[in-house]
Amino acid sequence: QVQLVESGGGLVQAGGSLRLSCAASGRTFSNYAMGWFRQAPGKERDFVAAIRAMGSTYYADSVKGRFAISRDNTKNTVYLQMNSLKPEDTAVYYCAADLRGLITSTQYNYWGQGTQVTVSS
């Protein structure tokens with residue numbers, strides 16, 4: 001069982017930056033693939049970024065070059081550095097974990113409660 005708690009969301013102007021954190025419980029965090037997803041009002045939950053246990057990273061086309069995912073296995077934490085934010089990045093951002101190495105699928109086994117990111121124009 002893994003519990004995930006996101007933090008770092010907030011209100012930022014377009015062009016600004018935020019760093020989201022996702023703290024995970026459990027002693028086997030390093031074995032999990034970790035993903036970030038987002039869901040805007042009235043829309044489906046979409047893949048944003050993922051990082052495999054061994055460190056390979058993957059990004060949605062819409063965030064490539066602006067967002068960076070990283071993990072610190074000593075702190076059981078995954079991060080999402082978001083730069084050059086745009087109003088269309090506004091959404092609730094969710095952290096997810098899975099042992100199967102899922103990348104873009106929303107079928108991750110474990111999810112956090114989400115953190116709101118709002119980008120004003």
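Quick caveat: nothing in here was measured; it's all calculated off a predicted structure.
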For residues [X] and [Y], determine if any side-chain heavy atom of one lies less than 4.5 Å from a side-chain heavy atom of the other.
X: Asn76; Y: Arg71; result: no
X: Gln81; Y: Ser17; result: yes
X: Thr104; Y: Tyr58; result: no
X: Val48; Y: Met82; result: no

Are the side chain of [X] and the backbone N or O of [Y] linked by a donor-acceptor pair below 3.5 Å?
X: Gln113; Y: Val5; result: no
X: Arg52; Y: Tyr32; result: no
X: Arg45; Y: Tyr93; result: no
X: Tyr108; Y: Leu99; result: no
X: Thr77; Y: Lys75; result: yes
X: Tyr110; Y: Asp98; result: no
X: Glu6; Y: Thr115; result: no
X: Ser105; Y: Leu102; result: no

Looking at every heavy atom in both [X] and [Y], which two are closest together, and how far apart are they?
X: Gly9; Y: Val117; value: CA-CG2, 4.1 Å
X: Leu85; Y: Leu18; value: CD1-N, 3.9 Å
X: Tyr59; Y: Ala68; value: OH-CA, 3.3 Å
X: Lys86; Y: Val119; value: O-CB, 3.2 Å
X: Val92; Y: Gly114; value: CG1-CA, 3.8 Å
X: Leu4; Y: Ala24; value: CD2-CB, 3.6 Å

Enter the distance from [X]:[atom1] to [Y]:[atom2] here, rounded to the nearest 0.5 Å.
X: Gln39; Y: Thr106; atom1: CD; atom2: OG1; result: 10.0 Å
X: Asn109; Y: Gln1; atom1: CG; atom2: CD; result: 9.5 Å
X: Asp89; Y: Ser84; atom1: CG; atom2: OG; result: 9.5 Å
X: Arg38; Y: Gln116; atom1: CZ; atom2: CD; result: 12.0 Å
X: Ile51; Y: Ser56; atom1: CD1; atom2: OG; result: 8.0 Å

| request: Using the rule that two of Ile, Leu, Val, Met, Phe, Trp, Tyr join whenever any of their side-chain heavy atoms come within less than 4.5 Å, decide whether Val63 and Met34 are in one cluster. | output: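 Yes, Val63 connects to Met34 through the hydrophobic network.
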| message | I'd like to know whether Asp61 forms a salt bridge (charged side-chain N to carboxylate O under 4.0 Å, His left out) with Lys64, so could you lay out the CA-CA distance, the side-chain angles of the two residues, the decisive distance to 0.1 Å, and finally the verdict. | response | CA-CA 5 Å; Asp61 288 342; Lys64 278 181 183 176; 3.2 Å; yes
| query | Between Arg19 and Tyr79, is NZ or CZ placed under 6.0 angstrom from the six-membered ring centre and within 45° of the ring axis? | reply |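 Yes, Arg19 lies over the aromatic ring of Tyr79.
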| query | Going through the checks in order, is the side chain to side chain contact (heavy atoms under 4.5 Å, CB included) test met by Leu80 and Phe67? | reply | CA-CA 7 Å; Leu80 184 68; Phe67 291 11; 4.2 Å; yes
| Do the ring centers of Phe37 and Trp111 come within less than 6.0 Å of each other? |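 Yes, close enough.
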